[in-house]
There are 2 protein chains.
Amino acid sequence: MLTERQLLILQVIIDDFIETAHPVGSRAISKKNNVPYSAATIRNEMADLEDLGYLEKTHSSSGRIPSEKGYRYYVDHLIAPISLKNDVKIIKNIIQDGFFELEQVVQMSAEVLSELTNYTSIILGPELLETKLKQIQIITLSDHTAVAILVTNTGHVEHRSFSVPAEINPSDLEKMVNILNDRLFGVPIIRLPEMFKTEIASLMKQYMNDFEKSYDYLQAVFFSENPVKLYVGGKSNILMQPEFNDVEKIRSFYSMMEKEDEIASLLKSSDNGIKVTIGHENEIDAIKDFSLITASYQLGEGQLGTIALLGPTRMEYRKVISLLKGLSNEMTDALYLWYKSYE
Amino acid sequence: MLTERQLLILQVIIDDFIETAHPVGSRAISKKNNVPYSAATIRNEMADLEDLGYLEKTHSSSGRIPSEKGYRYYVDHLIAPISLKNDVKIIKNIIQDGFFELEQVVQMSAEVLSELTNYTSIILGPELLETKLKQIQIITLSDHTAVAILVTNTGHVEHRSFSVPAEINPSDLEKMVNILNDRLFGVPIIRLPEMFKTEIASLMKQYMNDFEKSYDYLQAVFFSENPVKLYVGGKSNILMQPEFNDVEKIRSFYSMMEKEDEIASLLKSSDNGIKVTIGHENEIDAIKDFSLITASYQLGEGQLGTIALLGPTRMEYRKVISLLKGLSNEMTDALYLWYKSYE
DNA sequence: CATTAGCACTCGCGCGTTAAGAGTGCTAAC
DNA sequence: GTTAGCACTCTTAACGCGCGAGTGCTAATG
């Protein structure tokens, strides 16, 4: 177990390193006015902390920097919550300023988050598990083209143009839409593909000529899986960080960010609450020098989305954790009201 | 006027520099097997070309690199068209593979373009001058929320959620929509805002109670200016270029790319055909070390969009120009068919 | 006995020097 | 007009050196 003094020193070192990005030496620590020990004492403690794995040296006679284990301990035990009145106010203003589109608020949140932190923010849109189908429409544009529009009870609109094969005649199309609206109204959109296969298909066979050909079309138009969307803010903020003075690192960062599905899968696994993964704790090689902090937010009554911040392991954990908590609360609150307003 | 030999040497130097990014020396040139002169002769010619402003030295005893004037001459007089059968085939495959959404083909084109060149591609969506309103719909979601949907004859869909003030009753809303559809069907969407102000407003005053309040809503929902959209591909490709070994340059590049409106205005001015602006010929300071090549494409019968490539002044002009010509043709062809299919 | 002052020692960093290499410009010969 | 030769210039990488920051250890101190 660490002594009080060791905790103090560990904390001071990490705080200082987070701020300056330079290895911190014993003399600098002893000068801080909340540290009443001499440099020599601190050197001894630092040696111990290094043996225990909380600190590292960059070379044999350098100051110390936190190890990943050090950061881990810091995050788990040494962080006092911080008040971010101003930042939370900013968030509140932006989020609650009467919005009507889900995408909009999520994108804004991502941007504000990266703005306030100078790290890269990633938000995973909520899975729209419980939004329900409000209406399906097909609008014919010419003899052989049409656009299909699908509206959910939350005002989410999806649309897709398609060409109408000559074999399908307009009245059939209309019939189909009627059937679909009749049967699928109020069904959670997540269940649409399944419903379509089981209930609708057989029904439509009865009413329509040439059913087979239409089937594939409809399926493709309305019921393809829609991948979860990723909102990213401040991709170039990471360039501000001094650890990114190396072009090779920048390159690998950007190529990593292009793999949206990998990133999405990283975020998805996160359960409720705040989760911090530091350096090698991350499963994906490409972010083994990064820290990832995730928090979840709720849409209505149960559908989760994830907010995350990606930055160097030398991250302002204290600020970032508080901020993420704040944002996730604000988002949950705002989205609750929003969601309810559609009931 | 330049002599034959000077032209040859200028060309060889630029070709070589474009390929290697290293200053090229007299000995290297004399070794090429289409150059039958000794290094000394070439040195003399190079000195003359430098006096004329076509070449530069990086330091007093270095090889030569092209000046901007050199590139300009190269682009205007020394580029032989190149055959890009393979690349054009790739483009064809991607573009013509039956698409139905405009955005889709434009985005794909941007991506393919940057993929094939390793530069950053920027495509300005066509101004939808002539697409016409097909249908307006308002779908109410709850007592006080609704989503408005606007469909054009080309299958383009815009939507916007809004809250319905208590003062407006549903039947009024319906009436409005009827009026709008009646009066605005077939009107080019570019003219909608104007039409709304002049014709519709007065008409609606007669039919509706409480017109004033609704007016602003409708205006905001349907008739706000929609900015021209920018499609960007391969933002991180630029990192591959050796001139980007400097973090400061990368930073300034990315901050430049964030100013979408400036970039859009740069592209807009381009008239028909291919246009190459090299280094300081660009009006915006931020891209004074870049070259920008733009080509235009047509949607249907007259609406122009712009395709552009942004790269270092040391660009593969020959390839890029041919490619851009090819792509602009393919896009125009494909979009012509697409556009016609909606008539 | 924990703490601290003192000191030798270790590295990294910046700097000037040096040598190699690439390339030029000029002159003189072909 | 063309080219070979050569002195000269400048970049780059390598090397050595001294400085400063920082450490680890020892011995003195309260």
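To find a chain, count down the sequence lines: A is the first, B the second, and so on, and within it residues start at 1.
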For this session: May I have the distance from A:Ile29 (atom CD1) to D:dA21 (atom P), rounded to whole angstrom?
Result: 16 Å

Exercise. Given C:dT24, D:dT3, C:dT4, which nucleotide is nearest the side-chain atoms of B:Asn44?
Worked result: D:dT3

For this session: Give the rounded distance in Å between these two atoms: CD1 of B:Ile9 and P of C:dT24.
Result: 11 Å

Problem set entry | Residues from residues 52-65 of chain B lying under 4.0 Å of DNA chain C - heavy atoms | B:Lys57, B:Ser61, B:Ser62, B:Gly63, B:Arg64

Exercise. Any sub-3.5 Å donor-acceptor pair from A:Lys57's side-chain atoms to A:Ser60's backbone N or O?
Worked result: yes

Exercise. Do you know which two heavy atoms are closest between A:Tyr73 and A:Met1, and how far apart they sit?
Worked result: OH-CE, 3.7 Å

Seminar exercise, completed: A:Glu50 has its side chain closest, among C:dG25, D:dG24, C:dT4, to D:dG24

Problem set entry | Atom-to-atom span, CG of A:Asp48 to P of D:dG24 - whole angstrom | 10 Å

Exercise. Quick one: do the A:Ser38 and A:Thr41 side chains pair a donor with an acceptor below 3.5 Å?
Worked result: yes

Exercise. At under 4.0 Å, does any side-chain N or O of B:Ser26 touch on OP1 or OP2 of C:dT24?
Worked result: yes

For this session: Mind running side-chain contact (heavy atoms from CB on, under 4.5 Å) on A:His22 and A:Phe17 for me, showing each step along the way?
Result: CA-CA 6 Å; A:His22 295 301; A:Phe17 183 72; 5.6 Å; no

Exercise. Can you tell me if B:Glu316 and B:Thr117 form a side-chain donor-acceptor pair at under 3.5 Å?
Worked result: no

Seminar exercise, completed: From CE of A:Met46 across to P of D:dA21 the rounded distance in Å is 15 Å

Exercise. Under the side-chain contact (heavy atoms from CB on, under 4.5 Å) criterion, do B:Tyr74 and B:Asp15 qualify, and how do the steps go?
Worked result: CA-CA 9 Å; B:Tyr74 177 81; B:Asp15 282 339; 2.6 Å; yes

For this session: Look up atom CG in A:Leu323 and atom OG in A:Ser328, then write down how far apart they are to the nearest 0.5 Å.
Result: 10.5 Å

Exercise. Does OP1 or OP2 of C:dT3 have a side-chain N or O of A:Arg5 closer than 4.0 Å?
Worked result: yes

For this session: Would you kindly give the CD-to-C1' distance between A:Glu45 and C:dT3, to the nearest whole Å?
Result: 11 Å

Exercise. What about the rings of A:Tyr254 and B:Tyr254, do their centers lie closer together than 6.0 Å?
Worked result: yes

For this session: Could you tell me whether A:Glu56 and A:Arg64 make a salt bridge, using a distance below 4.0 angstrom between a side-chain N and a carboxylate O?
Result: no

Exercise. What bend angle does the helix from C:dC1-D:dG30 to C:dC30-D:dG1 show across its length, from five-pair end axes and to the nearest 10 degrees?
Worked result: 20°

Seminar exercise, completed: Which of C:dA5, D:dT23, D:dC6 is nearest the side chain of A:Arg43? It is D:dT23

Exercise. Is there a residue in residues 12-21 of chain A whose heavy atoms reach under 4.0 Å of DNA chain C, and which residues are they?
Worked result: none

Exercise. Do the ring centers of A:Phe253 and A:Phe290 come within less than 6.0 Å of each other?
Worked result: yes

For this session: Would you mind reading off the distance between A:Arg27 atom CZ and C:dT4 atom P, rounded to a whole angstrom?
Result: 15 Å

For this session: Take atom CD1 of B:Ile42 and atom C1' of C:dA22, then tell me their distance rounded to the nearest Å.
Result: 16 Å

Exercise. Does B:Asn118 reach the main-chain N or O of B:Asn237 with its side chain, forming a donor-acceptor pair under 3.5 Å?
Worked result: no

Exercise. Taking atom types as modelled, is there a side-chain donor on B:Tyr231 or B:Ser121 under 3.5 Å from an acceptor on the other?
Worked result: no

